[in-house]
Amino acid sequence: MVWPDDGPMRVQVAPGQSVVVHEIGAGPPICCIPGLGADHTAFARNLGDLAARHRCLVVDQRGIGASDPVEGALSMAELADDMARVIAERGGGRADVFGVSMGGMVAQHLALRHPHRVRRLVLGCTGPGGPRAVRADPEVTRALLGGDARDPVTAYRRACQVMYSDSFQRAHPEVVEAAVAWRAQHLVRGPTFRAQWAAIRGHDTGGDLARITAPTLVLHGDRDRVMPPGNASVLASQIPGAQLTWFPGAGHLFFQEDPLATDRVLARWLGDPEGPGG
């Protein structure tokens with residue numbers, strides 16, 4: 001997999017701690033935040049059209065990819081502050097924000113802690129956490145975390161089985177195999193994965209969602225087993241003025257399963273003069 005940017009930029013987000021930002025495209029900035037254990041390539045199937053209209057700032061969060069390793073715990077507040085620093089330094093101070101899964105959790109905290117940095121907010125396949133969350137089947141969560149796999153590649157393959165819809169896996173096995181092959185060559189550090197998972201477990205914005213002021217779009221696959229669709233309904237009902245768009249038949253990684261539909265929705269929401277396909 002070849003990433004089409006001109007080379008990653010390193011942004012210092014805290015003393016002795018930096019993250020890598022991959023930049024592609026030109027136009028108004030959009031900060032793209034991937035999910036648990038994922039690096040910038042999570043958005044590879046979306047950037048062809050999005051980067052034609054935006055300068056995409058795709059972040060490898062702390063401990064991921066070439067970003068500095070994580071030592072100790074992580075919090076959503078820290079990760080949100082990281083994104084605020086990225087936007088301040090690389091986004092001209094304010095940007096649209098597109099966060100998916102765990103990245104959508106970080107995006108919620110970003111919008112709450114640094115509202116002046118967020119122009120528009122897009123929350124994909126994510127939820128509020130805490131008592132308002134709709135919990136996944138424990139067996140699905142177990143598969144997401146690799147089950148009883150004895151090596152990280154097998155663990156990720158098992159995770160893919162619940163992240164993608166069954167129909168997509170049958171129709172596009174090459175996409176799944178490419179994702180597994182990439183992960184095999186870019187293993188996630190164990191301490192990073194555990195720290196991210198602990199941050200997810202501690203995530204709870206349910207009581208604060210009404211304070212989000214950025215115009216918000218919620219996107220979700222209606223066959224999502226990892227983050228049940230009820231979570232999207234909670235977000236859309238609690239964030240003032242939020243709009244909700246469903247992706248019929250899509251699983252957790254709806255944006256990879258149907259990149260064209262995703263980009264069309266994003267183009268309309270972000271006010272792009274001409275979306276994918278003209």
Give a yes or no answer on whether the side chain of D224 reaches the backbone of G251 with a donor-acceptor pair at less than 3.5 Å.
no
So how far is it from L145 CG to Y156 OH, rounded to the nearest 0.5 Å?
13.5 Å
Using the side chain to side chain contact (heavy atoms under 4.5 Å, CB included) criterion, which residues pair with P128? Sequence neighbours excluded.
R132, T205, L209, N231, V234, L235
Test item: D204 and P131 side chains (from C-beta on) under 4.5 Å apart, heavy atoms
yes
Can the ring centres of F255 and F247 be said to be less than 6.0 Å apart?
no
Looking at OG1 of T216 and CZ of R120, how far apart are the two atoms once the value is rounded to the nearest 0.5 Å?
9.5 Å
I'd like to know if the side chain of H114 pairs up with that of D81 as donor and acceptor (distance under 3.5 Å, no hydrogens or angles considered).
yes
Contact check, side chains of V97 and M83, non-hydrogen atoms, under 4.5 Å
no
Working for salt bridge (Lys or Arg N to Asp or Glu O under 4.0 Å), residues R225 and D137:
CA-CA 8 Å; R225 290 175 284 177; D137 183 305; over 6 Å; no
Smallest heavy-atom separation, A210 atom then P240 atom, equals O-CG, 3.4 Å
For a 4.5 angstrom cut-off between non-hydrogen side-chain atoms, does R10 reach D68?
yes
Salt bridge present between E177 and R157 (N-O < 4.0 angstrom)
yes
Minimum heavy-atom separation for R45 to V175, with atom names?
NH1-CG2, 3.5 Å
Is any side-chain heavy atom of L50 less than 4.5 Å from a side-chain heavy atom of F43?
no
Evaluate the side-chain proximity of M163 to L144: yes if any heavy-atom separation is below 4.5 Å, no if none is.
yes
Distance check, rounded to the nearest 0.5 Å: Q243 atom CD versus L217 atom CG?
6.5 Å
Would the distance check show the side chain of Q108 and the main-chain N or O of G99 forming a donor-acceptor pair, the cut-off being under 3.5 Å?
no
Here the gap from L244 atom CG to S237 atom OG, rounded to the nearest 0.5 Å, amounts to 9.5 Å
Is the side chain of H22 donor-acceptor paired with the backbone N or O of P8 at a distance under 3.5 Å, no angle test?
no
Should we count CD of E174 as having more than 12 external heavy atoms under 6.0 Å?
yes
Are F193 and V20 connected, step by step, through hydrophobic side chains (Ile, Leu, Val, Met, Phe, Trp, Tyr) whose heavy atoms are closer than 4.5 Å?
no
Test applied, side chain to side chain donor-acceptor pair (under 3.5 Å); reference residue, Y164; option that passes from H172, Q256, E257:
Q256
N/O donor-acceptor pair under 3.5 Å between Q169 side chain and Q161 backbone:
yes
To the nearest 0.5 Å, how far apart are CZ in R201 and CE in M76?
12.0 Å
Side chains of S101 and L36 in contact at under 4.5 Å (non-hydrogen atoms)
no
Nearest non-hydrogen partners of P215 and R119, listed with the distance:
CD-O, 3.4 Å
Point-to-point distance, once rounded to the nearest 0.5 Å, from CD1 of I30 to CD1 of I87
10.0 Å
Taking the side chain as every heavy atom from C-beta outward, state whether C56 and I24 have any pair of such atoms under 4.5 Å apart.
yes
Would R85 and V11 satisfy side chain to side chain contact (heavy atoms under 4.5 Å, CB included), going step by step from the backbone distance to the final call?
CA-CA 8 Å; R85 183 62 185 166; V11 174; 4.0 Å; yes
When clusters are formed by joining ILVMFWY residues with side-chain heavy atoms under 4.5 Å apart, either directly or through shared neighbours, do V13 and V70 land in the same one?
yes
Do you know the tightest heavy-atom contact between A111 and V118?
CA-CG2, 4.0 Å
Please work out which of the three classes, parallel, tilted or perpendicular, describes the rings of W246 and H220, given edges at 30° and 60°.
perpendicular
Go through H252 and V100 one step at a time and tell me if the side chain to side chain contact (heavy atoms under 4.5 Å, CB included) criterion holds.
CA-CA 9 Å; H252 187 58; V100 295; over 6 Å; no
Take L79 and I33 through the test side chain to side chain contact (heavy atoms under 4.5 Å, CB included) and record every step on the way to the result.
CA-CA 10 Å; L79 296 171; I33 313 173; over 6 Å; no
For the backbone of F168 and the side chain of S165, can you confirm whether one donor and one acceptor N or O come within less than 3.5 Å of each other?
yes
Do I64 and L187 belong together in a cluster built from hydrophobic side chains that touch within less than 4.5 Å?
yes
Would you say Q12 and E89 make side-chain contact, with heavy atoms under 4.5 Å?
no
Do F98 and L112 sit in the same hydrophobic cluster, where Ile, Leu, Val, Met, Phe, Trp and Tyr count as joined when their side-chain heavy atoms come under 4.5 Å apart?
yes
For a quick test of reading the model, state the closest non-hydrogen atom pair linking G221 to P229 and the distance between them.
O-CG, 3.9 Å
Begin with the C-alpha distance, continue with both residues' side-chain angles, and end with the deciding distance and a verdict on side chain to side chain contact (heavy atoms under 4.5 Å, CB included) for C31 and V59.
CA-CA 7 Å; C31 180; V59 184; 4.0 Å; yes
Of all the heavy-atom pairs spanning T262 and D258, show the shortest one and how long it is.
OG1-O, 2.9 Å
Do the side chain of D151 and the main chain of T154 share a donor and acceptor less than 3.5 angstrom apart?
yes
